[in-house]
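Values reported hereafter were calculated over all heavy atoms of this structure, with side chains retained and with hydrogens, waters and symmetry mates removed. When a ligand or atom number is given, it counts from 1 through the structure's own listing order.
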Amino acid sequence: MTESGSKLRIFKILKIIISSLLITVLLLFTIAAIRTLSLDVNAGLQLAHWEKTNNKSLVIDHHQREELLANFKEAIRIPTVSFSNTESNTTALLEFDRFLRKAFPTVFSSSLVHHELVGNYSHLFWVKGSQPELVPYMLLAHIDVVPASESDGWEAPPFSAKEIDGFIYGRGTIDDKNSLMGILQALEYLLLKGYAPRRGFYIGLGHDEEINGLNGAMNIVRVLKQRGVQLLFVMDEGLTISDGIIPGLEGPAALIGLSEKGQAAVKLSVSVAPGHASMPPRETSIGILATAVKRLEDNPMPRLFGYGPEGDTFEHLAHKFSFPLKFIMSNLWLFSPLLSRILERKPVSNAFVRTTTAVTFFNAGVKINVIPSLAEAYVNLRIHSAQSVEEVLDIIKDTVGDQRVKVELVDGFDPLPISGADEKAFGFQIIKKTVLDLFPTVTVAPGICIGNTDSRHFVDLTKNIYRFSPAWFKPGDPERFHGINERISTKNYEEMIVFYFNLIQNCDIRKLPEPHSSVHEL
Ligand SMILES: CCCCCCCC/C=C\CCCCCCCC(=O)N[C@@H](Cc1ccc(O)cc1)C(=O)O
Ligand SMILES: [Zn+2]
Ligand SMILES: [Zn+2]
């Protein structure tokens with residue numbers, strides 16, 4: 001072949017490659033554009049076609065408002081603290097029991113309600129339905145709270161329930177006495193109005209959620225299992241209504257947790273021969289362990305954004321973002337690597353991207369002039385839905401890469417199964433409808449709960465566990481969770497009562513409206 005012939009051939013091949021590339025890019029962008037325009041949230045929920053079961057309405061008058069707020073404040077003032085795995089304030093738990101009976105006399109005296117204590121301080125209520133063939137559901141909340149000390153910078157003492165500018169301050173106001181009191185106050189009002197449910201339901205109030213629920217939730221599950229109970233769905237604390245928290249999202253979003261991350265507690269330890277501080281070895285047990293910890297912090301777990309329910313969250317919310325974010329969110333199949341890198345910059349959103357690694361204990365040393373024989377650290381990992389305890393443990397061993405560091409799994413469980421969120425998922429659709437009835441401007445989307453809840457103990461009783469409470473979180477609020485200045489507005493607490501009041505009645509529908517094939521709400 002002549003020189004000009006071979007040049008012509010190269011030119012032709014280049015032309016084919018460039019035009020194929022252009023066609024591919026065009027095709028990808030067409031698919032991306034179609035997805036951007038077609039994805040809409042709230043699809044499938046035909047509010048107009050629902051059987052009407054919310055016959056009782058709740059309009060809170062001045063007297064009721066004073067009374068419900070007084071009840072809530074009294075609940076906050078009882079310091080039901082779980083201090084550690086072995087230490088709880090049992091005096092406060094007993095006081096809380098007495099308080100509940102006083103605050104909700106109708107709940108405790110109604111012939112429709114059966115109440116029992118479980119594990120000494122937890123409460124199990126069974127509210128009898130008039131149609132026993134309808135499968136019951138269960139609402140969960142917990143009584144205990146994490147410790148709080150005013151000196152950490154609280155604007156009001158953490159067990160004062162002080163009201164400042166329309167907010168009640170105190171430990172438990174968002175975790176989780178708002179749900180607990182909201183549920184019981186709603187039931188009290190329903191019973192006072194002569195409501196008798198068609199579908200029976202349980203209410204479970206654990207007393208040790210903050211220390212794993214071993215005596216509370218786990219015993220409630222044991223009791224229900226012994227009675228052969230199966231549940232239609234369970235709803236517990238978890239995600240909330242976020243307003244202004246997700247960057248670029250226009251308007252508030254209610255995320256309903258379909259699952260929760262797994263967890264592993266891993267112990268790292270280094271043992272060496274002890275010795276005199278005047279003749280130190282080149283590396284001490286503390287130095288070796290510190291290097292291992294640094295390696296773990298410098299090498300975060302792999303990005304897995306899009307491989308769990310968090311991908312669905314953003315696809316559902318996509319149409320509420322402005323361009324170009326709308327385009328990016330609608331096409332995670334193309335852009336999830338880019339989005340992961342943006343989300344991982346902040347601790348809250350990083351938790352949705354990967355398994356997180358938190359070093360929570362570091363113990364070593366006995367005396368200033370002794371080379372310590374033992375150094376220990378504990379790492380708390382929150383496992384992404386696409387990983388398992390075993391995989392995470394292998395990655396830790398690889399990352400540490402030092403045989404002198406012993407890596408042991410102390411405790412752990414895999415990420416929880418993912419509950420349904422389609423048009424046939426009763427619990428999801430009931431929660432979604434109840435949110436939209438009360439807050440029509442909110443976008444409802446499935447989510448993943450980054451912390452753990454008592455509901456994880458209920459997996460043998462139902463496949464449908466949802467983690468959601470209608471508390472409004474604005475910028476700065478996620479940090480109040482287990483932090484300082486935990487608070488809720490009086491307006492939001494009232495909304496929570498109305499939410500549970502409506503939810504209980506919505507659960508009385510016999511079946512969901514027929515699935516709707518269109519992608520747009522009519
Ligand atoms: C990009 C989207 C952003 C969406 C905004 C989400 C805001 C998240 C805000 C708060 C976190 C939600 C936490 C859910 C409830 C967690 C309850 C809890 O703290 N549970 C304990 C349970 C536990 C586990 C292990 C123990 O040894 C003791 C207790 C927990 O630590 O997970
Ligand atoms: Zn909680
Ligand atoms: Zn908590």
**OP:** Evaluate the ring planes of Phe108 and Phe125, with Trp represented by its six-membered ring, and classify them as parallel (under 30°), tilted (30 to 60°) or perpendicular (over 60°).
**Re:** perpendicular
Original post:
Do Gln263 and Leu381 have side-chain heavy atoms sitting under 4.5 Å apart?
Top reply: no
Original post:
So is Arg487 actually on top of Phe167's ring, under 6.0 Å and inside 45° of the axis?
Top reply: yes
Original post:
Does ligand 1 have a heavy atom under 4.0 Å from the side chain of Arg456, from its backbone, from both, or from neither?
Top reply: neither
Original post:
When you measure from atom 5 (C) of ligand 1 to each heavy atom in Ser242, Pro247, Ala265, Gly257, which option holds the nearest one?
Top reply: Ser242
Original post:
Relative to the heavy atoms of Gln263, which atoms of ligand 1 are at a distance of less than 4.0 Å?
Top reply: 24 (C), 25 (C)
Original post:
Just wondering, do Arg480 and Ile174 contact through their side chains at under 4.5 Å, heavy atoms?
Top reply: yes
Original post:
Parallel, tilted or perpendicular for Tyr202 and Trp126, by the 30°/60° rule?
Top reply: tilted
Original post:
Any Lys/Arg nitrogen of Arg171 or Glu486 sitting under 4.0 Å from an Asp/Glu carboxylate oxygen of the other?
Top reply: yes
Original post:
Can you name the side-chain contact (heavy atoms from CB on, under 4.5 Å) partners of Pro337, sequence neighbours left out?
Top reply: Arg341
Original post:
With a cut-off of 6.0 Å (strictly less than), are more than 12 heavy atoms of other residues, nucleotides or ligands near NZ of Lys463?
Top reply: no
**OP:** Write the atom name of the N, O or S atom in His482 that is nearest the Zn ion (ligand 3).
**Re:** NE2
**OP:** Starting from atom 28 (C) of ligand 1, find the nearest protein heavy-atom neighbour and note its residue, name and distance.
**Re:** Glu210 O, 3.3 Å
Original post:
For the side chain to side chain donor-acceptor pair (under 3.5 Å) test, which of Glu391, Arg354, Glu310 pairs with His384?
Top reply: Glu310
**OP:** Report yes or no: does a heavy atom of Glu310 sit under 4.0 Å from some atom of ligand 1?
**Re:** no
Original post:
Considering only heavy atoms of Gly451, which atoms of ligand 1 have at least one such atom less than 4.0 Å away?
Top reply: 16 (C), 32 (O)
**OP:** May I ask you to check if ligand 1 and Glu209 share an N or O to N or O distance below 3.5 Å?
**Re:** yes
Subject >> Sub-4.0 Å atoms of ligand 1 with respect to non-hydrogen atoms of Asn452 >> reply: 16 (C), 17 (C), 18 (C), 20 (N), 21 (C), 22 (C), 30 (C), 32 (O)
Original post:
Which one holds for Cys449 and ligand 1: side chain close, backbone close, both close, or neither close, with close meaning a heavy atom under 4.0 Å?
Top reply: side chain
Original post:
If you count the atoms of ligand 1 from 1 in the order shown, which ones are under 4.0 Å from a heavy atom of His482?
Top reply: 19 (O)
Subject >> Contact partition for Arg467 relative to ligand 1, non-hydrogen atoms under 4.0 Å >> reply: neither
Original post:
Can any side-chain N or O of Asn380 pair as donor or acceptor with the backbone N or O of Thr357 at less than 3.5 Å?
Top reply: no
Original post:
Between Asp236 and Arg467, does at least one N-O distance fall below 4.0 Å, as a salt bridge requires?
Top reply: no
**OP:** Could you tell me whether the side chain of Val359 reaches within less than 4.5 Å of the side chain of Leu296, counting heavy atoms only?
**Re:** no
**OP:** Could you grab the protein N, O or S atoms closer than 2.8 Å to the Zn ion (ligand 2) for me?
**Re:** His142 NE2, Asp175 OD1, Glu237 OE1, Glu237 OE2
